[in-house]
Amino acid sequence: LLRGATAVRAADPGALVCGPDLAHLSSSDWDGWLSRVITEAGHVLDVVTHHLYSSYGRAFEVIYDLEEKPSLPFSSPSVRQLLENTGWWGRPFWLTETGLQGSEYGKNDQADFYEELLEDCFGLQAAAWWVDRIFFYHLHDAPDPAPTSFGILHGLPDLTRKPAFYSYRAFIADAIVDDAELVEVGL
């Protein structure tokens with residue numbers, strides 16, 4: 001991270017250095033890693049990024065892991081608590097990977113997930129108002145038949161819209177600050 005940030009700044013002093021993009025897995029030490037990255041390398045970051053998915057298909061689970069303090073002594077802290085404890089609180093935070101598989105939970109549940117998560121982060125009564133950006137995984141599914149179905153569009157060749165597309169579009173259309181955009185990056 002330190003070497004990478006130095007290279008980014010040398011190549012483009014105006015570029016944002018974002019990281020570490022850790023996955024919020026209960027089987028890992030994500031919170032220890034994130035604390036260490038912020039403590040030891042936070043001075044080179046412009047944005048702290050994190051990946052977080054729902055275990056049971058509901059947006060409130062994502063918000064809970066972002067916002068709530070743990071109820072048991074051995075539980076991981078919330079992302080917010082960790083940001084507060086490391087001194088990052090009040091600086092940019094992006095949820096850089098989240099989503100819900102339509103094939104696993106149903107297309108309507110996927111649409112509800114989008115609507116609820118956007119409302120919980122950017123709505124008038126937002127619980128996680130401090131989340132600056134959300135990146136949904138994936139814009140479209142792989143070519144049909146797709147092994148995963150995180151996209152808000154079906155796979156190639158038709159790219160037909162799923163209910164989640166309409167939920168996303170409706171939220172953007174009704175948003176007070178209309179700066180959201182769909183972005184696809186191919187590597």
Using atom types as modelled and distance alone, determine if a side-chain donor or acceptor of S76 lies under 3.5 Å from a backbone N or O of D31. no
What is the distance from atom OG of S103 to atom CG of D141, rounded to the nearest 0.5 Å? 7.5 Å
Go through I38 and L82 one step at a time and tell me if the side-chain contact (heavy atoms from CB on, under 4.5 Å) criterion holds. CA-CA 10 Å; I38 293 172; L82 192 142; 4.1 Å; yes
Is D112 close to S167 at the side-chain level, that is, under 4.5 Å between some pair of heavy atoms? no
Pairwise side-chain contact, H24 with V79, heavy-atom cut-off 4.5 Å (strictly under): yes
Compile the donor-acceptor pairs under 3.5 Å between side chains in residues 114-127 and protein atoms, sequence neighbours left out, one pair per line.
| from | atom 1 | to | atom 2 | distance (Å) |
| --- | --- | --- | --- | --- |
| E116 | OE1 | R58 | NH2 | 3.3 |
| E116 | OE2 | R58 | NH2 | 2.9 |

What's the shortest heavy-atom distance between S55 and E61, and which atoms? N-OE1, 3.3 Å
Is there a side-chain contact between L45 and W88 (heavy atoms, below 4.5 Å)? yes
For residues L159 and F165, determine if any side-chain heavy atom of one lies less than 4.5 Å from a side-chain heavy atom of the other. no
Can a donor-acceptor pair be found, under 3.5 Å and without considering hydrogens, that links the side chain of S35 to the backbone of G32? no
Atom CH2 of W33 with >12 non-hydrogen neighbours under 6.0 angstrom: no
Going by side-chain heavy atoms closer than 4.5 Å, which hydrophobic residues are tied to L25, directly or by a chain of links? none
Do Y64 and Y56 belong to the same hydrophobic cluster, where Ile, Leu, Val, Met, Phe, Trp and Tyr are linked whenever their side-chain heavy atoms lie under 4.5 Å apart, directly or via other members? no
With a 3.5 Å distance limit and no angle check, can you tell me whether H140 reaches the backbone of L153 through a side-chain donor-acceptor pair? no
Test of understanding: with salt bridge (charged side-chain N to carboxylate O under 4.0 Å, His left out), list the residues that count as partners of R91, not counting sequence neighbours. none
Sequence-distant partners of E104, salt bridge (charged side-chain N to carboxylate O under 4.0 Å, His left out), two or more places apart: none
With H51, which residues qualify under ring pair (Phe, Tyr, Trp, His ring centres under 6.0 Å), at least two apart? none
Side-chain donor or acceptor of T49 paired with backbone N/O of W94 under 3.5 Å: no
Counting C-beta onward and ignoring hydrogens, is there a side-chain heavy-atom pair between L100 and F136 closer than 4.5 Å? no
Measuring from atom CG of N108 to atom CZ of F113, what distance do you get when rounded to the nearest 0.5 angstrom? 15.0 Å
Residues clustering with F150 (ILVMFWY side chains joined when closer than 4.5 Å, directly or via others): Y53, Y137
Using side-chain heavy atoms (C-beta onward) and a distance below 4.5 Å, is R169 in contact with R161? yes
Hphob cluster co-occupancy, L95 + F60, side-chain heavy atoms under 4.5 angstrom: no
One pair to check against salt bridge (Lys or Arg N to Asp or Glu O under 4.0 Å): R9 and D46. What are the steps and the verdict? CA-CA 11 Å; R9 300 259 191 251; D46 296 304; 3.0 Å; yes
What's the spacing between L22 CG and W30 CH2 if we round to 0.5 Å? 9.0 Å
For Q110 and G151, indicate whether the former's side chain and the latter's backbone hold a donor-acceptor pair under 3.5 Å. yes
Minimum heavy-atom separation for A128 and L66, please, with both atom names. CB-CD1, 4.5 Å
D21 side chain near H50 side chain, heavy-atom distance below 4.5 Å: no
Could you check W129 against E67 for side chain to side chain donor-acceptor pair (under 3.5 Å), going step by step and ending with a plain yes or no? CA-CA 10 Å; W129 53 268; E67 273 289 312; 5.4 Å; no
Min side-chain heavy-atom separation S149-H138 under 4.5 Å: no
